[in-house]
**Student:** 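Pasting in a structure now, in structure tokens, and then I'll have a few things to ask.
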Number of protein chains: 2
Amino acid sequence: MALDKIDRKILTLLQKDATMPVAEIGRKVGLSTTPCWRRIQKMEEDGVIKRRVAVLEPTKVNAGVTVFVSVKTNEHSDGWLRKFATTVEDFNEVVEFYRMSGDIDYLLRVVVPDIAAYDAFYKRLIAKIALTDVSSSFAMEQIKYTTALPLEYVMVADDDK
Amino acid sequence: MALDKIDRKILTLLQKDATMPVAEIGRKVGLSTTPCWRRIQKMEEDGVIKRRVAVLEPTKVNAGVTVFVSVKTNEHSDGWLRKFATTVEDFNEVVEFYRMSGDIDYLLRVVVPDIAAYDAFYKRLIAKIALTDVSSSFAMEQIKYTTALPLEYVMVADDDK
DNA sequence: CCTGTCGGCGCAATATTCTTGCTAGAACCT
DNA sequence: AGGTTCTAGCAAGAATATTGCGCCGACAGG
């Protein structure tokens, strides 16, 4: 499952634009289409490439407001956690959900059209699961958002130029 | 630029899997391939669909650790903001970057392989731009991450079933 | 030094999917 | 009713993905 520099280049390209024809990718990384296609195929099988998706413009689908929701809790039992997790995951408005170290226990990124919709979401959430210490922070502006992970850290063999 | 229920269905599918053939999308939304293709095309022209990308598995590319970085600042001049924004954006490790309301001014989501790499990133960051009040929170677990925006809020005409 | 095996590359043929030109029907206005 | 516009659909053509096959270089064993 080791990746080399060519694989990394391919991933860099696919993270930007997954519609690019394999032939063109091959050309850019210095490979003909077949080996390039096989590498992509392998990375999909290996789960390096998880999937290909369409990225939408938030404002155009009425989902332009991001709210970060910090949750602190006293409940730390495994059962409660599981219930909390599944409950939260089912909300489409929750696009990211992390268990944190430190001060706060969970952090959610919630996407809604406006403050009113956030309030409605919030009510629906706490109706489903009791939460005591919740704090909401509104994003005024999304300065950067990318699905592209940094590839500087992928392991490549030494003899690989 | 109005979207109807069929468009919304198409977007739902494409947000999950952008490799699905247009013919199959058409079948699922009750349309033949041509009109379905034209709708997709139009949504791309209108910027509703921004692009199609490959989503990678973070752990497989050595980018499995997320750190949220909160920044407070006294500098609020337009020039400083612009410099800050462009500086931060250039770091591939920064995958999300928001200007916030309330207590903290900026929030970044940073992706790195481990704590050591985060420390290195942090040093590189503050070397480029002076920051006084910075606080880092580590995510222990990514419970949910999706690029799919909620489509419950898209405006659809009333007469549209 | 030779030889067999393995792995990755590339060409060429095939299969699938995308893209476009054209026709037709429904809704709407005049 | 006639005309206009919008959207669907068919079918042909173009582009792209996918596969089979042969080639070449690296490497290990004799």
Side-chain angles (χ1 to χ4, degrees), chain A residues 1-57 60-61 147-148 151 154-161, chain B residues 1-57 60-61 147-148 151 154-161:
Chain A
M1 203 219 68
L3 303 176
D4 62 12
K5 289 227 169 177
I6 292 180
D7 290 320
R8 197 172 63 173
K9 277 189 191 174
I10 292 172
L11 291 177
T12 301
L13 293 170
L14 286 180
Q15 282 199 124
K16 281 183 196 276
D17 178 11
T19 67
M20 188 181 298
V22 179
E24 189 180 344
I25 297 173
R27 199 174 44 70
K28 292 201 179 188
V29 305
L31 229 53
S32 80
T33 93
T34 304
C36 185
W37 181 82
R38 286 195 220 274
R39 279 165 180 264
I40 293 170
Q41 214 59 17
K42 184 165 190 319
M43 290 192 284
E44 284 178 348
E45 281 166 20
D46 292 347
V48 177
I49 297 172
K50 228 193 308 191
R51 56 171 167 282
R52 292 145 188 261
V53 301
V55 177
L56 311 187
E57 175 61 42
K60 307 249 176 163
V61 293
T147 55
L151 297 180
V154 294
M155 311 284 201
V156 294
D158 281 1
D159 57 303
D160 213 350
K161 42 192 168 329
Chain B
M1 200 218 75
L3 303 176
D4 62 12
K5 289 227 170 176
I6 292 180
D7 291 319
R8 197 172 62 174
K9 277 189 192 175
I10 293 173
L11 291 177
T12 301
L13 293 171
L14 287 179
Q15 282 199 126
K16 282 182 196 277
D17 178 11
T19 66
M20 189 180 299
V22 179
E24 188 179 345
I25 297 173
R27 199 173 45 70
K28 293 201 181 190
V29 305
L31 230 52
S32 80
T33 91
T34 305
C36 185
W37 181 82
R38 295 225 167 107
R39 281 165 179 264
I40 294 170
Q41 213 60 17
K42 183 164 191 320
M43 290 192 284
E44 283 178 348
E45 280 166 18
D46 292 347
V48 177
I49 298 172
K50 227 190 311 190
R51 56 170 167 285
R52 292 144 188 263
V53 301
V55 177
L56 310 187
E57 175 62 42
K60 306 250 176 162
V61 293
T147 55
L151 297 180
V154 293
M155 311 284 201
V156 293
D158 282 0
D159 57 300
D160 213 350
K161 44 197 169 326

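So you know, we letter chains A, B, ... as the sequences are listed, proteins then strands, and number each from 1. Not measured: the values here are computed from a predicted model. Quick note: numbers below take in every heavy atom, side chains included, and nothing from hydrogens, waters or symmetry partners.
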**Student:** According to the side-chain hydrogen bond (donor to acceptor under 3.5 Å, both in side chains) rule, which pairs have a member within residues 34-44 of chain A, sequence neighbours left out?
**Tutor:**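 Output for this query lists Asp4(A)-Arg39(A), Asp7(A)-Arg39(A), Lys42(A)-Asp46(A), Glu44(A)-Arg52(A).
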**Student:** Exactly one of Leu14(A), Val154(A), Leu11(A) should register a side chain to side chain contact (heavy atoms under 4.5 Å, CB included) with Leu56(B). Which one does?
**Tutor:**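 It is Leu11(A); the other options fail the test.
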**Student:** Does any residue of residues 10-36 of chain B have a heavy atom under 4.0 Å from DNA chain C, and if so, which ones, in number order?
**Tutor:** Pro21(B), Val22(B), Thr34(B)
**Student:** Quick one, which residues of residues 39-54 of chain B touch DNA chain C with a heavy atom under 4.0 Å?
**Tutor:**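 Within residues 39-54 of chain B, no residue comes under 4.0 Å of DNA chain C.
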**Student:** Roughly how far, to the nearest 0.5 Å, is OG1 of Thr12(A) from CG of Leu151(A)?
**Tutor:**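 Spacing of CG (Leu151(A)) from OG1 (Thr12(A)) equals 4.5 Å.
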**Student:** Output the distance between atom CE (Met155(B)) and atom CG (Leu3(B)), rounded to the nearest 0.5 Å.
**Tutor:**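 So the gap between those two atoms works out to 10.5 Å.
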**Student:** Tell me, which pairs form a side-chain hydrogen bond (donor to acceptor under 3.5 Å, both in side chains) where one or both residues lie in residues 18-30 of chain B, sequence neighbours left out?
**Tutor:**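 Residue pairs passing side-chain hydrogen bond (donor to acceptor under 3.5 Å, both in side chains), neighbours aside: Asp17(B)-Thr19(B).
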**Student:** Is there side-chain contact between Ile40(B) and Ile25(B), with heavy atoms separated by less than 4.5 Å?
**Tutor:**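 Yes - at least one pair of side-chain heavy atoms lies under 4.5 Å apart.
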**Student:** Could you list where the contact with chain B starts and ends along DNA chain C, reading 5' to 3', using a 4.0 Å heavy-atom cut-off?
**Tutor:** dT17(C) to dC22(C)
**Student:** Just jot down the salt bridge (Lys or Arg N to Asp or Glu O under 4.0 Å) partners of Lys9(A), sequence neighbours excluded, or say none.
**Tutor:**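 Partners of Lys9(A) by the salt bridge (Lys or Arg N to Asp or Glu O under 4.0 Å) criterion come out as none, since no residue qualifies.
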**Student:** Could you tell me which non-hydrogen atom of Ala54(A) sits nearest to which non-hydrogen atom of Ala18(B), and how far apart they are?
**Tutor:** N-CB, 3.7 Å
**Student:** Taking any atom closer than 4.0 angstrom to a non-hydrogen atom of chain B, what span of DNA chain D does the protein reach, first nucleotide to last?
**Tutor:**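 Taking any atom under 4.0 Å from a heavy atom of chain B, the span is dA8(D) to dA11(D).
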**Student:** What heavy-atom pair brings Gln15(B) and Thr147(B) nearest, and what distance separates the two atoms?
**Tutor:** OE1-O, 3.9 Å
**Student:** Taking salt bridge (Lys or Arg N to Asp or Glu O under 4.0 Å) as the definition, give me every residue that meets it alongside Lys16(A), ordered by chain and number, with sequence neighbours left out.
**Tutor:**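 For Lys16(A), no residue satisfies salt bridge (Lys or Arg N to Asp or Glu O under 4.0 Å) once neighbours in sequence are set aside.
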**Student:** If you measure from NZ on Lys50(B) to CE on Met43(B), what distance do you get to the nearest 0.5 Å?
**Tutor:** 15.5 Å
